[in-house]
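Okay, so here's the structure we're looking at.
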Amino acid sequence: MDYKKNDIVVMEIEDMGTDGAGIGKPGGFPLFVKDALIGDRIEARITKLKKTYGYARLEKVLVPSSFRVAPVCRFHRQCGGCQLQALAYEEQLAFKERKIRNNLIRIGGFSEELLGRVMEPIIGMEEPLHYRNKAQVPIAMDKEGNPVAGFYAGRTHNIIANTDCALGPAENREILEAVLSYMRANKVRVYDEKTGKGLVRHVLIRKGFVSGEWMVCLVINGKTLPAKEKLLQALTAIPGMTSVSYCINEKNTNVIMGEEVRLLWGSRTISDSIGGLTFSISPLSFYQVNPIQTQKLYELAVEYAGLRGSETVWDLYCGIGTISLFMAQRAGFVCGVEVVPQAIEDAKENARRNHIENVAFFTGKAEEVLPQKYEQEGIRADVIVVDPPRKGCDERCLDTMLDMQPEKIVYISCDSATLARDLKVLCGGGYELVRGRGVDMFGMTVHVETVVLIQRKDT
Ligand code: SAH
């Protein structure tokens, strides 16, 4: 390879990396180019070279890919959120299927032949915009010293003002503008992450898509909110407003939410329904961001679990108990485990409000609760469902699952790389991959949910 930094190269984009960057191979040397799409012929400037690959900046699209479409948001290139907005939705789905497959092959060690047999086609979205029921919007100061709400420019902490993200409902804008005018009128200060001074850090907005209920929670670096009646005046005039609170986060950290929420107005939770079940959701609880696809995801998980009515199911990383309650309607008994105490509170409340009695919920880490219950109480499971965060399951959790030898494990994952890593361990311990399928919950982004069923080989 004899390229140098700043060289201009012309190339065809043949593939796309897991973060959505286009990959071209001029002279056989792989270059990653953000915003270049598979099928584009481009001109790019080399920005960084490593031994076996490099990075380049898109200078000009010479011949656009047949998959190129007009992006809906003018910030799509700057924003870190929508990496695939210029790619036709059908091709976004193809990208996600390839991503899952490649991870399962490269990291999981599964054969192409097996995946060809067991993987089912990805479940796409009917409307890949305005699907998010939750927004966590950072607040910052513009050059004139005014508070602005927006998003971080890709990979940085620089904020670009925009209250109109195309992934969320249009009403988010009205809510954010109300918060900003309250801040301006009452001289409420913006938090500055460099100095650790100032008050308002983020605004969390959640909407129950079925219930029409809205939740607003300001994340603040302090214990009280000045002139709160002014904020309430504006927010409570918005139709459907149900819960207004603030969350205290005084730490100098990238973690958005703090641990304590104080209610300012209305109820602690909002409600929403999926597939005939109703759920209470509090600010600190996890709740899937795309409720329409979530129903399809949960139905698939139930189908994979193949319940006949008498099984004992463990639902690890259960959040507010949504999957547990879906499963409980078709199982003997379901136990949920979740680390966030407020989510377990919500889960118990959700069992009550849906009159589901064959469930129990435990607070704690899956990798601690499961081994403890297994070693001390000898619990067993016919089916274990796991739905961990991106980092996947802890080794101790995987080991205990292998000790428990449930007939089936349904693994729901938002990161197919850690899924593949964990499946390698489980399939090395006597399980085989039986079914798998992507579900697109995050249109326009590179993220994709995957559900797989693995089964004990001797069953
Ligand atoms: N199954 C739920 C939640 C999935 S998100 C749903 O579909 O809504 C993952 C959940 O795992 C979050 O609620 C998070 O708080 C929780 N979590 C993260 N680490 C955990 C751990 N080590 N043990 C148990 N739960 C954990």
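In each ligand, atom 1 is the first atom listed, and ligand 1 is the first ligand listed. Residues: numbered from 1 along the sequence shown.
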Ligand 1: which protein N/O atoms lie under 3.5 Å from its N/O atoms?
residue  : atom   : partner : partner atom : Å
ligand 1 : 1 (N)  : Y317    : O            : 3.1
ligand 1 : 1 (N)  : D387    : OD2          : 2.9
ligand 1 : 7 (O)  : Q288    : NE2          : 2.9
ligand 1 : 7 (O)  : Y298    : OH           : 2.6
ligand 1 : 7 (O)  : D387    : OD2          : 3.2
ligand 1 : 8 (O)  : Y298    : OH           : 3.3
ligand 1 : 8 (O)  : T322    : OG1          : 3.3
ligand 1 : 13 (O) : E338    : OE1          : 2.7
ligand 1 : 13 (O) : E338    : OE2          : 3.3
ligand 1 : 15 (O) : E338    : OE2          : 2.7
ligand 1 : 22 (N) : E367    : OE1          : 3.1
ligand 1 : 22 (N) : E367    : OE2          : 3.4
ligand 1 : 23 (N) : A366    : N            : 2.8
ligand 1 : 25 (N) : V339    : N            : 3.3

Hits for salt bridge (Lys or Arg N to Asp or Glu O under 4.0 Å) against E260, two or more places apart or cross-chain, chain-then-number order -> R262
If every non-hydrogen atom of [X] is compared with every non-hydrogen atom of [Y], which pair is closest and at what distance?
X: K207; Y: G212; value: CE-CA, 4.5 Å
X: P226; Y: V188; value: CG-CG2, 4.0 Å
X: R132; Y: F209; value: O-CZ, 3.5 Å

Show which side-chain atoms of residues 440-449 pair as donor or acceptor with protein atoms under 3.5 Å away, not counting sequence neighbours.
residue : atom : partner : partner atom : Å
D440    : OD1  : K96     : NZ           : 2.8
D440    : OD1  : F442    : N            : 3.2
D440    : OD2  : Y89     : OH           : 2.5
T445    : OG1  : F442    : O            : 2.8
T445    : OG1  : H447    : N            : 3.0

Using residues 164-178 as the side-chain source, report each donor-acceptor pair under 3.5 Å to any protein atom, sequence neighbours left out, with the distance given to one decimal.
residue : atom : partner : partner atom : Å
D164    : OD2  : R173    : NH1          : 3.3
R173    : NE   : T163    : OG1          : 3.4
E177    : OE2  : T163    : OG1          : 2.9

